[in-house]
Structures are given as structure tokens and as C-alpha cells.
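Notes to accompany the following structure.
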Amino acid sequence: MDYKYLASLLFPQPLPSADEIEAKYPPRSLPEGAAVTRFAPSPTGYVHFGGLFPTTVDERLAHQSGGVCYLRIEDTDSRREVKGAAEALVKTLAHYGIKFDEGVTETGEVGAYGPYTQSKRAKIYHVFAKRLVEEGRAYPVFSTDEELEEIKTADKKAELKSVDWEADAGARREAMLARRNFTIEQVEQELAAGHKFALFAIAEGDGTRKRKVNDLVRGALELPENDEDIVLLKSDGIPTYHFAHVVDDHLMRTTHVIRGEEWLPSLPKHLQLFSYMGWKPPKYIHISQIMRLDEGGSKKKLSKRDMGANLDDYSRLGYCPLAVTEYVMTLLNSNYEEWRAQNPDKPYTDFPFNVKKMSASGCLFDLHKLDDVAKNVVSRMTADDVYKQFYAWAKEYAPDFASVVDTMGEDYAKSIISIGRGGKKPRRDYGTWVELQSFMKPFYDETFQVEDDYPENTDLHDIKSALEMFAETYDDGDDAGAWFEKIKAICAPLGYCADMKEYKSNADAYRGSVADISMMIRVAVTGRLNSPDLYTVMHIIGAERTLSRVSAMINKL
RNA sequence: GGCCCGUUGGUCAAGCGGCUAAGACACCGCCCUUUCACGGCGGUAACGCGAGUUCGAUUCUCGCACGGGUCACCA
């Protein structure tokens, strides 16, 4: 068969030569060892938590080595495309510190290796597709409009589940072989009839033979050679992922491809295409799925509806983006936590990220762990920083509380946030803005309320007497020592023990201890059974509030 | 069903032929503390099973089991 002629039939429009294209995408001039990575999502919706994993690896690998990390939009499936998804994606990732040097950005496309949107690269794919036809490595498969319609509406997933695998494999193989046989005349006729064609690459592999391939995380893998013809172009002329991946990652000079493990089975296809094209394949890292625990206690894939799957959930719950990033880092490199403990003040980007430390097995999403990381992150922040982030969050997600905060001003809020902050061991009372909001509530009249009841065995008369005595003697000017002496002084008249050690060794002799007296005051002043140090709380809210809350409680009893 | 990947405590995980099998989270207990919390100390808890190689296997090989992925003109 005259492949040159076939190619000219299939691609009649004038195209640049492969060499011309290659010249436009020269090797990058980067320092030795610099990684070029990319995140290549299809714009089908919000960013999944699972998407943050490979992306963080992309970003670290590139920027740690002085390389380039770019964003390419794989919009080759018009059926699934969601409008505005790409923009939302860029914005969300930026929020988590993933900044792209090239590709699709908030301000449009930047970089010399574009376009970075696959739908704009049709001509480039056609150049290389045509070359494969000329070499006798690719052939067309024609479909009528009706058949195409069928392909478009068929629910392949459902179909595949109820298939007779063995019979199907044979039938598919036969059909594949049959498709390879055609004549130039048939092609001419089909084209004349206006039928569209998909372009397939001939598989030369032997499926019964294994080939060693390398994955940077998993090591040497044995995958069967590819013996299935590969769809390069769909009937609409748009490439499949397989072809686009090979062409784009070669031209854009990607050195490391980080992607989900669902791509592992098609790796032989990609390797075969790289070899057909005469290009050097990139290094691969296939990342396992993120799992979650279902109600029954078994592992399930973290799916779209799960809490925590949508990255926007974290914003809503008030996790600061750095907390999420650091959590991802701990999952990616288990020595990250140790490094963090030793380097509490360094930015996470100083951590020497190591691909070899990554785990080949999947990991389970653990909200507890996230909370712990979040507490660490927030405890290390300055009061100023916490205030800014919290206030911005409140404006959006808790506007009522934001206006409550406004009533007392910024400094007041910061004095609350400053409790236990700074020093070598800052307190870790809250890890999210939702938790901080709850922490702050007792400090504002609008949100103060008695939420907790006194412990069951507390004597109401004692409470009343204790509060009355407290109110009589309270002096805003006392220092912490004097203040506590006065609390202790309340004990004896009521038959409570002022000394905890004494009380513990001789509890029966007393009605209670200074701890109980403190609790009586605490609930009156903060409305809760737990609070930060009472003396500190009273001085933040001031004497007036303190005493009015105490008398309100006395009246209530 | 074929093929591929994976399997250390509840979770994330060190380990890479010889260890009392790290650490972190969670859980529990004790201590500190005016309570709770924070903090400190400690505890419960693991190499999926069966062969083989070896003086010796968590570590290497092979089966099996389990989990996951994949088998589209989707990515």
C-alpha cells in the first residue's frame, strides 16, 4: 500500500513538517538535574483531594531542582467538560501554594512551549499522526454518523461490567485484526461519503511477553507488551489521552510524569508510542489512590461525595491551606514530620523532598491526623497572621460572627488569639477557624451563653455563696497571685479545701476543693466547663463583664 | 474473567537477611495544673497465610488469600 498517498488522503490540509514543530519546542536550557513536571487535569469539575497529591509532587520536584512546573489542560473530551472548571482549578491550587511557572494561569497562558490547552493543539497532533500513517504504523477506521452517535451515548462502564470477558477478548481481537485490512479504494469511498475516521496505531507487541519498565517509586515492574491497537485520534480529530500525552510531554520536554496508578495498565501503550515516534520517554511515578474508611470499617476509594474529597470543603471548615499542604507532605514523605519538629520555623519548601521516600501502597485519608497537623500549623503562626486569616474566613463563612468581632475591634480579637501563643511550646487549642470561632465566643457578649451545666453533684447554694463572695472581693487590679489568693479565701467559709494536695489526701473532710470553686466561677464567666486560664480571660473581657456575668448567674440560681 | 499493582499495630509509616520490629496520629492510664484543655510521662496494639532459599527471614523466591487498578473513538 502507498502509505504516503493514504496519508495525503487522510490529512489533505497543509501541515507543517514534524521537523518544523520540533524546532519550535527545543530542549530546555535548564541546570543539570532540573525536573520539568506538569499537572494535566481534564476540566471536569472541582479539584479532588487526590489531585493535590500528584500536584504537590510535581511542584516540589520541579522547584526543588530549579526546574519548571506547568499546567496543561486536557480538554480532549468535550462531552465531560465543565465550563469554568479550569479557572476554578487554577485558583484552588494557587490557594494551596501550587504555583505554575508555565501553562494555563489566572492571567491566561504563559510560556514558550504552548499552547497548553490540548484543544488548541489539533494541528500539532495531526502532524505526528500523519507521519505515523506515512510510516505504515497507523490506519483509519471509518464510522458512519449513526455509529458515532452510538459511541457517544453508550454507557461503556455499565456495559463492561456484564461482559463475558473471555468471549469478548477474542471478538475484540478479531475485530481489531479485521479493521487493519482495507484498501485505498475503500478509504477514498468512505471519505467521499463524508464519513469520519478515527486513527489507530498498529500494536506490534506480543501480549504474552513481559517487558521491564521502571517507575521511580515502585521500582522495576513487569508489564506485558502492548498488543492492542491504540486510538490516536478520535473521529472528531481530537487526540486521545494516550497520543496527547506522548506528543505533549515530548514537545514540552517533560522529564517526570506523575499521575494516578490507574494509568499503569496503559503504560505499555505509551512506551510503544514513544518508541514509534523515536522519542525518549519521561520518568514515571504512579501514585496510589487515596482511600477512606467506610461505616463498615473497610477501605473505600475516596469518592466525590466524601467529606474531604472536595478541596473547597477545607476552606469551608476553616483549615488554613498550609495545614492541608503539610498534611499532604506527611503522607508523601513520612520523615516530613520529624523534619518539621526540628525545623519549626522554616517554610515547608525547605524540606528536602525525596521521591524514594514515597510509598507504593495507597494511603488512607485520616481526618484526625489532619486536625493534629492543623493545630501544629496554627500554633506556630503569629497572632496577627491568625487574625487575618480567621477574619477573612469569617467574612465569607460566618459573616454574623465577623460582625460580632467588629464590635470589639481588631486588638481585642488579637488579645484572645494571643493566649498561649509564642514561645517554644505554643498552645494547640484549635486547628481550624471553626474551632477558633468556638474558642472566641465566650469573649463576646453577643455570643456568650451558658452552654454547659454544672457538674451533677455541685451544690447550688454553694455556687451562689461562692459567686457572691467572689463578686464582693474581685478587684481588677490584682495580679494573678493576689487574685488566686482571693479564690482560695472563698473555700474555707464554705467548707471547701484550698489546697489540692491536702484535699486529695483527705477528701472526705471537705465539701469540695478549690478546683470546684474555680469551676463555679468558670461556668459563670465563660459559660463553659473548659476555658483558657480564668485570670487571663477575666482581664481580656474586663471587670465589668466579669461581674455582670457573675451576678447574672447568681440571679439565675 | 485476563492482566497489573499492592499487603508491618485502628491510621500514616521506619525497616531494606540477624533489631527487645522506630516514630507520629488516634485510644487508654498516670502526673502537672484552680477545672478542662495545653504539656510531660507511660501503656495497649503489627510483619495476611503456606511453602522454599538460608545457619537465620518482616526483609529474597514461588503459590494462595485479601485489597486496589485496568480491559472505551474517557481521562
Side-chain angles (χ1 to χ4, degrees), chain A residues 40-42 44 74-77 79-80 141 143 147-148 151-152 154-157 159-160 163-169 172 196-200 207 210 215 218 221-224 228 231-236 238-242 244-245 259-268 286 288-289 291 293 297-301 327 330-331 333-338 341 357 359-373 375 379 420 425-429 439 452 455 484 487-488 491 498 500 513-523 526 528-535:
Chain A
S42 52
T44 54
E74 311 223 324
D75 56 344
T76 55
D77 185 3
R79 278 177 290 162
R80 301 201 313 162
V141 173
S143 305
E147 285 166 333
L148 283 176
I151 289 168
K152 280 193 173 154
D155 188 341
K156 291 282 178 189
K157 274 280 173 199
E159 198 180 292
L160 284 169
V163 93
D164 176 352
W165 289 106
E166 215 158 320
D168 188 64
R172 280 215 318 273
K196 305 244 169 139
F197 67 89
L199 199 71
F200 282 65
K210 300 285 168 65
D215 178 288
R218 292 161 193 260
L221 264 25
E222 289 217 329
L223 265 25
E228 257 175 38
V231 184
L232 303 175
L233 300 175
K234 295 176 272 187
S235 315
D236 54 8
I238 292 177
T240 56
Y241 170 88
H242 307 301
H245 153 54
R259 47 157 52 159
E261 67 176 344
E262 67 269 23
W263 292 110
L264 212 42
S266 47
L267 183 54
H286 291 91
S288 303
Q289 297 281 345
M291 312 295 280
L293 226 49
S298 60
K299 290 184 180 183
K300 285 273 149 56
K301 196 164 119 183
Y327 175 56
T330 65
L331 290 182
N333 267 196
S334 65
N335 55 329
Y336 179 77
E337 278 185 275
E338 193 186 336
K357 281 273 177 191
S359 162
S361 52
C363 63
L364 195 65
F365 180 81
D366 185 355
L367 215 73
H368 281 304
K369 187 73 180 183
L370 206 213
D371 281 334
D372 182 67
V373 173
K375 279 184 181 175
S379 76
K425 287 234 175 226
R427 291 177 62 95
R428 311 186 316 134
D429 288 306
F439 182 85
D452 294 329
F484 188 50
I487 305 267
K488 280 183 175 174
C491 296
M500 286 306 286
S513 73
V514 66
D516 299 307
I517 300 290
S518 295
M519 186 55 85
M520 295 172 187
I521 299 168
R522 176 185 315 281
V523 173
T526 69
R528 301 196 182 164
L529 290 170
N530 28 326
S531 75
D533 173 61
L534 260 186
Y535 178 79

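What you see is a predicted model; the values in this text were computed from it and never measured. Below, chains carry the letters A, B, ... as their sequence lines are ordered, and counting in each starts from 1.
- Salt-bridge formation is not detected for the pair A:Asp236/A:Lys234: no Lys NZ or Arg NE/NH1/NH2 atom is positioned less than 4.0 Å from an Asp or Glu carboxylate oxygen.
- In this structure, of B:G1, B:A75, B:C4, it is B:A75 that holds the atom nearest to the side chain of A:Glu262.
- For B:A13, the OP1/OP2 oxygens have a side-chain nitrogen or oxygen of A:Ser359 closer than 4.0 Å.
- Rounded to an integer number of Å, the gap from A:Asp168 CG to B:U70 P is 17 Å.
- As rounded to whole Å, 16 Å separates atom C1' of B:A24 from atom CG of A:Leu367.
- With hydrogens and angles left out, the side chain of A:Arg428 and the base of B:A37 share no donor-acceptor pair within 3.5 Å.
- Across all non-hydrogen atoms, the minimal contact from A:Val514 to A:Ala498 is CG1-O, 3.6 Å.
- Heavy atoms only, all atoms of each residue included: A:Ser518 and A:Ile487 are closest at OG-CG2, 4.1 Å.
- Rounded to the nearest 0.5 Å, atoms OG1 (A:Thr76) and NE2 (A:His245) are 13.0 Å apart.
- The nucleotide B:A72 finds no pairing partner, because no Watson-Crick or G-U wobble arrangement with both distances shorter than 3.5 Å includes it.
- Using atom P as the reference point in both B:U59 and B:C49, the two lie 10 Å apart (nearest Å).
- The side chain of A:Lys210 contributes an N or O atom lying less than 4.0 Å from OP1 or OP2 of B:C4.
- At least one side-chain nitrogen or oxygen of A:Thr76 sits closer than 4.0 Å to the OP1 or OP2 atom of B:A75.
- A gap of 48 Å separates the P atoms of B:A72 and B:G56, to the nearest Å.
- Between A:Arg172 and B:A72 there is a side-chain polar atom (N or O) within less than 4.0 angstrom of OP1 or OP2.
- Annotation for A:Lys357 and A:Asn335: closest pair CD-OD1, 3.8 Å, computed over non-hydrogen atoms.
- Side chains of A:Asp77 and A:Ile238 form no contact here, defined as non-hydrogen atoms less than 4.5 Å apart.
- Taking the side chain of A:Arg522 as heavy atoms from C-beta on, and the options B:C5, B:U35, B:U11, the nearest nucleotide is B:U35.
- A:Asp516 CG to A:Ile521 CD1: the interatomic distance, rounded to the nearest 0.5 Å, is 11.5 Å.
- Between A:Lys196 and A:Glu337, the one whose closest nucleotide on RNA chain B sits nearer the 5' end is A:Glu337.
- Each of B:C38, B:A75, B:G69 was ranked by its minimum atom distance to the side chain of A:Pro265; first place goes to B:G69.
- We find that OH of A:Tyr241 is positioned 10 Å from P of B:A75, with the value rounded to whole Å.
- Comparing A:Pro224 and A:Glu228, the nucleotide of RNA chain B nearest to each residue sits closer to the 5' end for A:Pro224.
- Nucleic acid contact for A:Ala169: none, since no nucleic acid atom lies under 4.0 Å from a heavy atom of the residue.
- Base contact: A:Leu529 has a heavy atom under 4.0 Å from a base atom.
- Atom CD1 in A:Ile487 sits about 17 Å away from atom P in B:U33, given to the nearest Å.
- Whole-Å rounding puts the A:Glu261 CD to B:C5 P distance at 11 Å.
- Taking atom NZ of residue A:Lys357 and atom P of nucleotide B:C12, one finds them 17 Å apart after rounding to whole Å.
- Comparing B:A37, B:U35, B:A75 by their nearest atom to the side chain of A:Asp429 picks out B:A37.
- Side-chain atoms of A:Ser518 and base atoms of B:U35 include no donor and acceptor less than 3.5 Å apart.
- Here B:A24 presents its P atom at 17 Å from CG of A:Leu331, a figure rounded to the nearest Å.
- Remark: the separation of the C1' atoms in B:G29 and B:G63 is 45 Å, to the nearest Å.
- What separates CG of A:Leu264 from P of B:G69 is a distance of 13 Å, to the nearest Å.
- You'll find that the side chain of A:Asp372 is closest to B:A26, out of B:U34, B:A26, B:C5.
- Proximity of A:Lys234 to the phosphate of B:C74: a side-chain N or O atom is located under 4.0 Å from OP1 or OP2.
- The nucleotide whose nearest atom lies closest to any side-chain atom of A:Ala360 is, among B:G6, B:G10, B:A14, B:G6.
- Rounded to the nearest Å, the gap between the C1' atom of B:G9 and that of B:C28 is 15 Å.
- The side chain of A:Lys425 places an N or O atom within less than 4.0 Å of a non-bridging phosphate oxygen (OP1 or OP2) of B:G40.
- Heavy atoms of A:Asp371 sit nowhere under 4.0 angstrom from any nucleic acid atom.
- Within the nucleic acid shown, A:Glu222 comes within 4.0 Å of sugar-phosphate atoms alone, with no base atom in reach, counting heavy atoms only.
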